[in-house]
Number of protein chains: 2
Amino acid sequence: MVTLAEVAQHAGVSASTVSYVLSGKRSISTTTRQRVEQSIRELGYHPNAGARALASSRSNIIALMVPLRTDMYVPVMMEIAIAVATTARIHGYDVLLLTGEEGPDAVRRVTGSGLADAMILMDVELEDERLPLLRGTDQPSVLIGLPASTSGLTCVDLDFGATGALCVEHLAKLGHRDIAVIGEAPAVYERHTGFAERTLDGLRSRARELGLRVLHRPCDGGYDAMAATLARIFDERPDTTGFVVQNESAVEPLLALLRQQGRAVPEDVSVVAICPEQVAVQASVRLTSVAIPAQEMGRHAVEHLVAKLDGRGSDEVVLIAPELTVRASTGPAPAGS
Amino acid sequence: MVTLAEVAQHAGVSASTVSYVLSGKRSISTTTRQRVEQSIRELGYHPNAGARALASSRSNIIALMVPLRTDMYVPVMMEIAIAVATTARIHGYDVLLLTGEEGPDAVRRVTGSGLADAMILMDVELEDERLPLLRGTDQPSVLIGLPASTSGLTCVDLDFGATGALCVEHLAKLGHRDIAVIGEAPAVYERHTGFAERTLDGLRSRARELGLRVLHRPCDGGYDAMAATLARIFDERPDTTGFVVQNESAVEPLLALLRQQGRAVPEDVSVVAICPEQVAVQASVRLTSVAIPAQEMGRHAVEHLVAKLDGRGSDEVVLIAPELTVRASTGPAPAGS
DNA sequence: ATAGGTTGTCGAAGCGCTTCGACAGCGAAT
DNA sequence: ATTCGCTGTCGAAGCGCTTCGACAACCTAT
């Protein structure tokens, strides 16, 4: 393994000079810099991460805590994780992958050991156990998701309230009066992750203003669950013509079942989905949808963190404005209803 | 930040004693050990990762390179990643998340800087650029996937050859004579990742033995691509009654299209999928499938690596035997054909 | 010509840990 | 009673880097 000292010797300078060439923290004459860079290249030198971390008390690592559950929103999580890793590299950071399994202990371990300089938490619950720890440390962090209280925290999330409102507005404009909301799996509500509730709140209050009727039903993914939910919905509200779907693994089942029941999309019923672009585009009917901006969230989170680590940046809640893309799954409400 | 020295002072012993309590590399009297452990708890001590890495030249980190592409097999990748992270923690390791984006440079960087003690590479291509580097270093690594030459490498993968054979056998036993294989997206074949080809080879050679006819068509995910592919298949081989699907994002479109064309599953045509359990179970027809054992692969990879790092273990290719689960999408071939 | 300021480089200290050799203390064997 | 071999503990060196203060060498302003 090549060391700084070897590079220094090879270039005929002192170790500290090489260090300054690397960090740029002091000015170095062009000739010296070039000589050093040449030696670095020739010897194939890579600074030792441990030594660097020890001396500078900076690991250049960002920890990313992803939920252990592989049951929900998997592509979104992956997309965020990839965006985080990619953006982090651009800023010279690596990413440590932690699962939610360890819970608050993981936070303690990371902050205590100097393993990482900062953390990103995904899938934050309203009253998350990890929050007090984050508030009590000076290690920067960003949450992807919105807890009940955000004081002293930095959060990035889609504005789910506005998202709900946007969906219902779109349906209202098309003349739909009876809206059914296919929500997340019951487990998501029980876990109090918040985003599902926020969507619903935003949707409901806008619906009230617009004078629409809303029926909300949580729903597990898969066909059987969807079939049961759909039957109940049409039982209670036979005139339902508009659907808002938040659970992406319920989207395809819903479309298949509607087709099976002879209800045409978008002629008889309209469907708006809250899901990643790819799902919306690849579905059997190209879906009018509000995209979940996974990449943007990941990128934002890292950039906030880097700003904080550089002494810039501050605590702040960033709610990304939702954008609704009209595709083939929504149309005017049928005249008869 | 609490240091070893502070713990030592608090416990009234020397720093080295604390270190030995932590590592267990020398025997320590029970009373001393307990006193030290008590101090560690009281002070909330966590060893500094950088210092530890520097002194021991072991980072206790495993690097995981995941492909940048988010277009394929996303849930499988995520499942592997989670399994890797979880298993690694059990053995005292953390996981560094690298994207394939950096390519071979990432390997150089990690081995050169001592950032990680070992690497796991996912989505390995037949002639992967990173392989020469891995062979040229003494850093242990495990590939998830199978390159063209495995000499000097450790690999873990599903036995895709046997998987293909198993699928076709199942269909043969049910009396199907004309089999269509819906393969991966063309991009997957162009990338030469190998698993798709291996599946096909295994399937074809078994089909030959059994006297079946096989038609293979690569297929992108989504409805439009699937519709085109399906049309071509029935055009060329109208008597096709058995399908093997490898592209999981083609599964649902296929089922929907068959339904639409009035071909009942499993009465008229049978479908076998190669996909994660969850996809098979949640599909509109519960699918007879060979599961992709993502968790097992991740766990295996880590355990191999840990064994190597402990001086046990050796280079080896582990092919996981496929298991076919019969569900509702396959049945006897229709009598007429 | 002198004081003052820059610029570029160096030496040394030290980050917090592991690990090696040393050795005190003690029971067992001679 | 002396030697031997344990066991448990300590001190010190050193891992490879960053960073601080020092200081030549030069330039500019007086």
Side-chain angles (χ1 to χ4, degrees), chain A residues 1-37 39-40 43-61 92 94 109-117 309, chain B residues 1-37 39-40 43-61 92 94 109-117 309:
Chain A
M1 196 196 243
V2 191
T3 69
L4 228 210
E6 290 170 324
V7 174
Q9 192 174 3
H10 186 272
V13 297
S14 75
S16 46
T17 301
V18 177
S19 179
Y20 287 124
V21 168
L22 250 28
S23 68
K25 291 191 180 173
R26 286 203 182 171
S27 55
I28 298 287
S29 69
T30 317
T31 60
T32 306
R33 186 201 323 289
Q34 285 174 348
R35 204 141 36 83
V36 170
E37 282 166 353
S39 298
I40 288 177
L43 300 177
Y45 168 70
H46 285 271
N48 182 85
R52 195 167 242 197
L54 177 56
S56 64
S57 28
R58 293 283 240 96
S59 63
N60 281 293
I61 287 180
D94 274 295
R109 197 165 61 83
V110 168
T111 54
S113 67
L115 239 185
D117 298 331
L309 288 167
Chain B
M1 196 198 243
V2 190
T3 69
L4 227 210
E6 289 170 321
V7 174
Q9 190 174 5
H10 186 271
V13 298
S14 76
S16 46
T17 300
V18 177
S19 179
Y20 287 123
V21 168
L22 250 29
S23 69
K25 292 194 178 171
R26 287 203 182 171
S27 55
I28 297 288
S29 70
T30 317
T31 59
T32 306
R33 187 203 321 290
Q34 285 174 349
R35 205 142 35 83
V36 170
E37 281 166 353
S39 298
I40 288 176
L43 300 178
Y45 169 72
H46 285 270
N48 181 83
R52 198 166 237 197
L54 177 56
S56 65
S57 27
R58 293 283 239 98
S59 63
N60 281 292
I61 288 180
D94 273 296
R109 197 164 60 85
V110 167
T111 54
S113 67
L115 240 185
D117 298 331
L309 288 168

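Because only heavy atoms are used, hydrogens play no part in the values below, and waters and symmetry mates are left out as well, while side chains stay in. A, B, ... follow the sequence lines: proteins, then strands. Residue 1 opens every chain.
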Novice: Which part of the nucleic acid, if any, lies within reach of B:Leu54 when heavy atoms closer than 4.0 Å are counted: base, sugar-phosphate only, or nothing?
Specialist: base
Novice: Would you give the length of the straight line joining atom CD of A:Gln9 to atom OG of A:Ser14, rounded to the nearest 0.5 angstrom?
Specialist: 12.5 Å
Novice: Does D:dT18 have its OP1 or OP2 closer than 4.0 Å to a side-chain nitrogen or oxygen of A:Arg52?
Specialist: yes
Novice: With respect to the phosphate group of C:dT18, does any side-chain polar atom (N or O) of B:Lys25 fall under 4.0 Å of OP1 or OP2?
Specialist: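 No, outside the criterion.
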Novice: Which whole-number value in Å describes the distance from B:Ile28 CD1 to D:dC10 P?
Specialist: 8 Å
Novice: Can you tell me how far P of C:dT18 sits from CG of B:Leu22, to the nearest Å?
Specialist: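 Whole-Å distance recorded here is 6 Å.
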Novice: Under 4.0 Å: is that the gap between some side-chain N or O of A:Ser14 and OP1 or OP2 of C:dT9?
Specialist: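 So the side chain of A:Ser14 is outside the cut-off, no N or O lying under 4.0 Å from OP1 or OP2 of C:dT9.
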Novice: Please determine whether a side-chain nitrogen or oxygen atom of B:Thr32 lies at a distance below 4.0 Å from atom OP1 or OP2 of D:dG8.
Specialist: no
Novice: List the residues meeting salt bridge (charged side-chain N to carboxylate O under 4.0 Å, His left out) with B:Arg58, not counting sequence neighbours, and say none if there are none.
Specialist: B:Asp117
Novice: B:Arg33 has an atom CZ; how far is it from atom P of D:dG8, in whole Å?
Specialist: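 My rounded result for the distance is 9 Å.
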Novice: For a quick check, tell me whether the side chain of B:Ser27 and the base of D:dG8 share a donor-acceptor pair closer than 3.5 Å.
Specialist: no
Novice: How far does OG1 of A:Thr3 sit from CG of A:Leu43, to the nearest 0.5 angstrom?
Specialist: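 Reported to 0.5 Å precision, the distance equals 9.5 Å.
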Novice: Which comes earlier along DNA chain D counting from the 5' end, the contact point of B:Arg35 or that of B:Ala51, where each point is its nearest nucleotide?
Specialist: B:Arg35
Novice: Is any side-chain N or O of B:Ser56 closer than 4.0 Å to OP1 or OP2 of C:dT19?
Specialist: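 Result: no.
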Novice: Work out which heavy atom in B:His10 is nearest to a heavy atom in B:Ser39; give both atom names and the distance.
Specialist: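 Minimum heavy-atom separation between B:His10 and B:Ser39: ND1-OG, 2.8 Å.
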Novice: Nearest-Å distance, CD1 (A:Ile40) to P (D:dC17)?
Specialist: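 The distance from CD1 of A:Ile40 to P of D:dC17 comes to 10 Å, rounded to the nearest Å.
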Novice: Using a cut-off of strictly less than 4.0 Å, decide whether B:Thr17 has a side-chain nitrogen or oxygen near OP1 or OP2 of D:dC10.
Specialist: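 So the side chain of B:Thr17 is within the cut-off, an N or O lying under 4.0 Å from OP1 or OP2 of D:dC10.
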Novice: Over how many whole Å does the gap from A:His46 atom NE2 to D:dG16 atom C1' extend?
Specialist: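 Nearest whole value for this atom pair: 16 Å.
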Novice: Whole Å only: how far is the CG atom of A:Asn48 from the C1' atom of D:dG16?
Specialist: 6 Å
Novice: Starting at the 5' end of DNA chain D and moving along, which residue's nearest nucleotide shows up first, B:Tyr20 or A:Val2?
Specialist: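 Nearest nucleotide further toward 5': that of B:Tyr20.
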Novice: Using atom CG of A:Leu4 as one end and atom C1' of C:dA12 as the other, report the distance to the nearest whole Å.
Specialist: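 The distance from CG of A:Leu4 to C1' of C:dA12 comes to 15 Å, rounded to the nearest Å.
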Novice: Measure the shortest side-chain to side-chain distance between A:Pro47 and A:Leu4 over non-hydrogen atoms and say whether it is less than 4.5 angstrom.
Specialist: no
Novice: Please state how far atom CZ in B:Arg26 lies from atom C1' in C:dC23, giving the value in whole angstrom units.
Specialist: 11 Å
Novice: Looking at A:Thr3, I'd like to know whether one of its side-chain N or O atoms comes within less than 4.0 Å of OP1 or OP2 on D:dC15.
Specialist: no
Novice: Reckon A:Ser29 has a side-chain N or O less than 4.0 Å from the OP1 or OP2 of C:dG8?
Specialist: no
